[in-house]
Amino acid sequence: VDNVRGSSITYSYVGALACALQSTTVTYCEISNVNISTSAQYLGAMAGSAASTHVRYCTVCNNILTNSYTSSAYVGGFIGHWSGTTLTNSKVARNTITSSGNYVGGFAGFMTQSGVSFTLNDLVSDTCTVQGKSYVGGFAGQHSWSHGGSLKRGHIRGGSVTGTGDYVGGFCGLAGGLGIHNSSNSANVVGVNEVGGFVGRKQGANFQYNKNTGDVTGNNYVGGLIGQEQTAQYPAQILYSVNAGRVKGNNYVGGLRGY
């Protein structure tokens, strides 16, 4: 799919491949040079939403997605709102994703499960710009915690992740039950409260063998890996992980975890 243009689109679900995907598998697909400006609540270069959908060996590159929906919009490089179950061996590169609302991500704005855990392996983001309000991430704005899951061998390489509000992370603004392993982030991350090189707020699941080299800037609860971890309610561990990026904030600031 190449060279798709659209402006002032008012449909609720917008994507270059499909408005919405249901119970399907997408493999070896490339979506490039898409430029869409809309006020749709669900926007993705591939599809506005997807349910029970498997994506493998796909690339989304050189796209510009702009959304003016100001509340809970769902905007992602692949999918706006994604309800499981597989995303593997795929890449986003040189995309610019800008939203006036919440839930914005380099791959998906919001991820939840269709009764099972996500399978998320071997994913790369290369020099992408992701901007939104709250719940903003280089991978996903929010990953819901109900069925857990893990992301293995994910790499956010360069670019930037910026939120004008809270819950902003190099991978996820809010990661609920999502373990992240053998992964790295070098994007610079900027937000207000609960800002992290990997996740802004973390709820459960372990982190292992991860490295952040991007700079992290916020106000309260700012960390090189995690802005704030809800350890009492969702106990978890950070193992064999390092931060080499600069961390700047005012209150509750830490090299690995703000709080």
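Worth knowing before you read on, the calculation uses all heavy atoms, side chains too, and leaves out hydrogens, waters and symmetry mates. In this chain, numbering begins with 1 at the start of the sequence shown.
With rounding to the nearest 0.5 angstrom, the SG atom of Cys61 is 7.0 Å from the CG atom of Asn33. Separating the SG atom in Cys58 from the CZ atom in Phe78 is a distance of 5.5 Å, to the nearest 0.5 Å. Atom CD of residue Gln237 and atom CG of residue Asn206 lie 5.0 Å apart, to the nearest 0.5 angstrom. Atom OG of Ser150 sits about 6.5 Å away from atom CG of Asn121, to the nearest 0.5 Å. To the nearest 0.5 angstrom, Leu43 atom CG is 6.5 Å from Thr38 atom OG1. Rounded to the nearest 0.5 angstrom, Ile79 CD1 and Phe107 CZ are separated by 11.5 Å.
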N/O donor-acceptor pairs under 3.5 Å from side chains in residues 155-166, not counting sequence neighbours:
from: His155; atom 1: ND1; to: Ser184; atom 2: OG; distance (Å): 2.8
from: Asp166; atom 1: OD1; to: Asn193; atom 2: N; distance (Å): 3.1
from: Asp166; atom 1: OD1; to: Asn193; atom 2: ND2; distance (Å): 3.3

**Stepwise side chain to side chain contact (heavy atoms under 4.5 Å, CB included) test for Ile31 and Leu17** = CA-CA 8 Å; Ile31 299 173; Leu17 181 65; 4.3 Å; yes
**Item:** Test side chain to side chain contact (heavy atoms under 4.5 Å, CB included) applied to Val26 and Leu21, step by step
**Value:** CA-CA 10 Å; Val26 181; Leu21 298 170; 4.2 Å; yes
**Request:** With side chain to side chain contact (heavy atoms under 4.5 Å, CB included) as the test, would you mind laying out the steps for Lys91 and Asp126 before giving the verdict?
**Result:** CA-CA 8 Å; Lys91 180 179 181 178; Asp126 188 359; 4.0 Å; yes
**Request:** Go through the steps to decide whether Thr25 and His54 satisfy the test side-chain hydrogen bond (donor to acceptor under 3.5 Å, both in side chains), and finish with yes or no.
**Result:** CA-CA 5 Å; Thr25 298; His54 306 273; 5.0 Å; no
**Message:** Run the side chain to side chain contact (heavy atoms under 4.5 Å, CB included) test on Asn210 and Phe198 for me, step by step, so that the C-alpha distance in whole Å, both residues' side-chain angles and the decisive distance to 0.1 Å come before the verdict.
**Reply:** CA-CA 9 Å; Asn210 298 317; Phe198 266 63; 3.6 Å; yes
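With sequence neighbours excluded, no residue forms a side chain to side chain donor-acceptor pair (under 3.5 Å) with Gln41. In this structure Asn212 satisfies the side chain to side chain donor-acceptor pair (under 3.5 Å) test together with Asn185, Asn243, sequence neighbours excluded. With sequence neighbours excluded, the residues forming a side chain to side chain donor-acceptor pair (under 3.5 Å) with Asn251 are Asn220, listed by chain and number.
Heavy-atom minimum distance, Val60 versus Asn95: O-ND2, 3.0 Å. In this structure, Cys128 and Arg94 approach most closely via the heavy-atom pair SG-N, 3.6 Å. Listed here is the closest heavy atom pair of Ser68 and Ser100: CA-OG, 3.8 Å. Between Ala40 and Ala73, the shortest heavy-atom distance links the atoms O-CB, 4.5 Å. Scanning all heavy atoms of the two residues, the minimum distance from Ser90 to Arg56 falls at OG-C, 3.9 Å. Closest of all the heavy-atom pairs between Leu225 and Ser241 is CD1-CB, 3.7 Å.
Under a hydrophobic clustering in which Ile, Leu, Val, Met, Phe, Trp and Tyr are joined whenever their side-chain heavy atoms come within less than 4.5 Å, directly or via other members, Val130 and Val192 fall into different clusters. Hydrophobic clustering (ILVMFWY, side-chain heavy atoms < 4.5 Å, transitive): Ile238 and Val199 are in one cluster.
Partner of Leu120 under the side-chain contact (heavy atoms from CB on, under 4.5 Å) criterion, out of Leu178, Thr88, Thr86: Leu178 alone. Of the candidates Phe110, Tyr167, Tyr69, Phe110 is the only one forming a ring pair (Phe, Tyr, Trp, His ring centres under 6.0 Å) with Tyr103. Under the side chain to side chain donor-acceptor pair (under 3.5 Å) rule, Lys202 has a single partner from Gln228, Glu194, Gln230, Glu229, which is Glu229.
Between Val216 and Val195, some side-chain heavy-atom pair lies under the 4.5 Å cut-off. Between Phe139 and Leu123 the shortest side-chain heavy-atom distance falls below 4.5 Å. With contacts defined as side-chain heavy-atom distances shorter than 4.5 Å, the pair Met111/Gln142 does not qualify. Under the 4.5 Å side-chain criterion, counting only non-hydrogen atoms from C-beta, Val55 is in contact with Met46. By the 4.5 Å heavy-atom criterion applied to side chains, Lys152 and Asn182 are not counted as neighbours. Within the 4.5 Å cutoff, side-chain heavy atoms of Ile180 are placed close to those of Phe171. Under the 4.5 Å side-chain criterion, counting only non-hydrogen atoms from C-beta, Ile97 is not in contact with Val92. Under the 4.5 Å side-chain criterion, counting only non-hydrogen atoms from C-beta, Leu65 is not in contact with Thr98.
Between the side chain of His143 and the backbone N or O of Ala175, no donor-acceptor pair lies under 3.5 Å. A donor-acceptor contact shorter than 3.5 Å links the side chain of Asn63 to the backbone of Val34. The main-chain N or O of Gly154 is found under 3.5 Å from a side-chain atom of Ser183 such that the two form a donor-acceptor pair. A donor-acceptor contact shorter than 3.5 Å is absent between the side chain of Thr129 and the backbone of Thr96. Checking side-chain atoms of Asn188 against main-chain N and O of Asp215 turns up a donor-acceptor pair under 3.5 Å.
Donor-acceptor pairing under 3.5 Å is recorded for the side chains of Ser144 and Thr112.
Applying the under-4.5 Å side-chain rule to Ile, Leu, Val, Met, Phe, Trp and Tyr, the cluster around Tyr259 extends to Tyr221, Tyr252.
Sorted by first and then second residue, the ring-ring contact (aromatic ring centres under 6.0 Å, His included) pairs involving residues 14-43 (not counting sequence neighbours) are Tyr13-Tyr42, Tyr28-Tyr57, Tyr42-Tyr74.
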